[in-house]
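Take a look at the structure below.
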Amino acid sequence: MNTVVPDTAIANVEKNGFLDIELDPSLDLFAEIEKLKKEKNAVLLAHYYQEPDIQDVADYIGDSLGLAQQAEKTSADMIVFAGVHFMAETAKILNPGKKVVIPDFKAGCSLSDSCPPPLFKKFKEQHPDHIVVSYINCSAGIKALSDVIVTSSNARVIVESFPKDQKIIFAPDKNLGAYINKVTGRNMLLWNGACMVHEIFSLEKITRLKTRHPKAKFIAHPECEEPVLRLADYIGSTTGLLKYTETDDAMEYIVATETGILHQMMKASPNKTFIPAPPTNNCACNDCPHMKLNTLEKLYLCMKYELPEINMEEELRLSALKPIKRMLEISSQAGL
Ligand code: 13P
Ligand code: SF4
């Protein structure tokens with residue numbers, strides 16, 4: 001049951017992607033969000049790249065695979081997805097009976113945007129003997145053109161589930177694709193897409209930082225470019241990176257991924273030091289501008305008014321569902 005939304009606010013969502021309603025600054029948003037969760041039987045799923053306040057109020061924090069698994073199995077009536085659009089869209093594809101809301105509808109993804117479905121369709125038609133393996137960071141339109149979806153935590157297992165001579169197109173992340181080619185000895189054809197956050201790390205600055213912190217381990221997400229990955233002591237998804245810092249015995253880590261993950265790393269290992277890997281410019285470019293569009297205020301408003309909501313045509317949903325289900329099946333067989 002959604003609270004009546006003022007007409008101006010609806011127009012506002014359509015224009016800006018979020019509810020721009022002024023809030024009383026003395027409102028305890030943490031308590032209000034907890035109240036709304038109970039009232040509406042809502043589950044709050046958040047990605048590790050969300051701001052710390054959002055992570056602290058979430059019911060589940062995870063990587064793309066964990067979030068998809070949670071979205072599929074939840075019995076809540078409403079899924080509040082604190083992440084980017086393709087993640088919330090995946091939740092809706094998997095669990096269409098639930099209302100799925102996102103704090104800011106315009107929280108997109110540069111990697112997903114680098115692969116428009118009409119162009120990709122043409123590319124696929126030029127390689128009819130290839131199957132399509134797509135990284136989950138893509139639109140429903142790309143998922144619908146794919147044979148199987150992967151995330152950074154199951155890409156290797158899924159690619160290896162195909163015969164070695166199977167011809168494969170991998171989209172849209174050329175860096176993850178190149179990394180999987182390297183570790184599996186495959187030669188997948190790569191779509192030329194990349195993540196703006198993971199491409200920004202400076203090899204030179206990381207090298208300097210490693211010299212200054214000789215005992216620090218350097219850990220990186222596979223969306224980073226190959227020269228950066230070559231320096232890494234460990235490469236993994238956000239969950240993989242977090243687990244590594246929990247179980248490994250080093251006391252210092254240089255972390256090459258979006259800065260949001262450091263919040264959980266510091267919480268899990270308060271006696272260890274975590275240094276965000278430096279970007280090329282003196283900017284905060286290792287903060288994802290899309291992920292960081294979501295704020296606690298927008299989160300509260302989207303739960304209260306149940307807007308913006310994710311919806312899609314049933315035909316598209318069903319086509320996109322097949323390769324996601326295949327991913328979840330292979331992952332569960334592999335114990336992931
Ligand atoms: P994972 O959390 O699955 O590692 O993905 C990282 C990412 O870039 C999400 O947008
Ligand atoms: Fe997309 Fe990169 Fe942001 Fe992840 S970090 S949402 S891949 S732009």
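Fair warning: this is a prediction, and the values are worked out from it, not measured in the lab.
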Do the side chains of [X] and [Y] join up, straight or via other hydrophobic residues, at under 4.5 Å, putting them in one cluster?
X: Leu189; Y: Leu111; answer: no
X: Ile149; Y: Leu67; answer: yes
X: Val13; Y: Leu293; answer: no
X: Leu321; Y: Leu65; answer: yes
X: Leu307; Y: Ile54; answer: yes

Check whether [X] reaches the backbone of [Y] with its side chain - one donor and one acceptor, N or O, closer than 3.5 Å.
X: Lys210; Y: Phe218; answer: no
X: Lys40; Y: Lys304; answer: yes
X: Asn137; Y: Ser112; answer: no
X: Lys292; Y: Glu51; answer: no
X: Lys124; Y: Ser146; answer: no

So which atom in [X] and which in [Y] form the shortest heavy-atom distance, rounded to 0.1 Å?
X: Glu258; Y: Val197; value: CG-CG1, 4.1 Å
X: Leu203; Y: Pro227; value: CD1-O, 3.4 Å
X: Ala107; Y: Asn294; value: CB-OD1, 4.2 Å
X: Leu336; Y: Gln69; value: O-NE2, 3.3 Å
X: Lys37; Y: Asp59; value: NZ-OD1, 3.0 Å
X: Thr90; Y: Lys143; value: OG1-NZ, 3.5 Å

Requested in this report: Could you walk me through whether Glu34 and Lys38 pass salt bridge (charged side-chain N to carboxylate O under 4.0 Å, His left out), step by step?
Outcome: CA-CA 7 Å; Glu34 291 301 341; Lys38 286 198 190 85; 5.1 Å; no

Could you pull out all donor-acceptor pairs under 3.5 Å where a side-chain atom in residues 168-181 meets a protein atom, sequence neighbours excluded?
residue	atom	partner	partner atom	Å
Asp173	OD1	Asn175	N	3.1
Lys174	NZ	Asn192	OD1	3.3
Asn175	ND2	Glu223	O	3.2
Asn181	OD1	Met188	N	2.8
Asn181	ND2	Met188	O	3.3

Looking just at side-chain N and O atoms, do [X] and [Y] make a donor-acceptor pair shorter than 3.5 Å?
X: Ser237; Y: Thr239; answer: no
X: Gln55; Y: His263; answer: no
X: Asp287; Y: Thr259; answer: yes
X: Ser64; Y: Thr151; answer: no

**Report entry** Residue Glu314 excluded, over 12 heavy atoms near CD under 6.0 Å
**Finding:**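 Yes, the 6.0 Å shell around CD holds more than 12 heavy atoms from other groups.
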
**Report entry** Lys205 atom NZ, over 12 foreign heavy atoms within 6.0 Å
**Finding:**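 Atom NZ in Lys205 is packed in, count exceeds 12.
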
Name each donor-acceptor pair under 3.5 Å that joins a side chain in residues 22-30 to protein atoms two or more places apart or in another chain, with its distance.
residue	atom	partner	partner atom	Å
Asp24	OD1	Ser26	N	2.9
Asp24	OD1	Ser26	OG	2.8
Asp24	OD2	Ser26	OG	3.1
Asp28	OD1	Phe30	N	3.2
Asp28	OD1	Ala31	N	3.2

Query raised in the report: Should the pair His198 and Phe201 be assigned to parallel (<30°), tilted (30 to 60°) or perpendicular (>60°) ring geometry?
Result: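 The arrangement is perpendicular - the two ring planes meet at more than 60°.
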
With [X], which residues qualify under ring-ring contact (aromatic ring centres under 6.0 Å, His included), at least two apart?
X: Phe162; value: none
X: Phe274; value: Tyr253
X: His47; value: Tyr49

Requested in this report: With sequence neighbours excluded, give me every ring pair (Phe, Tyr, Trp, His ring centres under 6.0 Å) pair touching residues 61-86.
Outcome: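 Sorted result for residues 61-86: His85-Phe105.
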
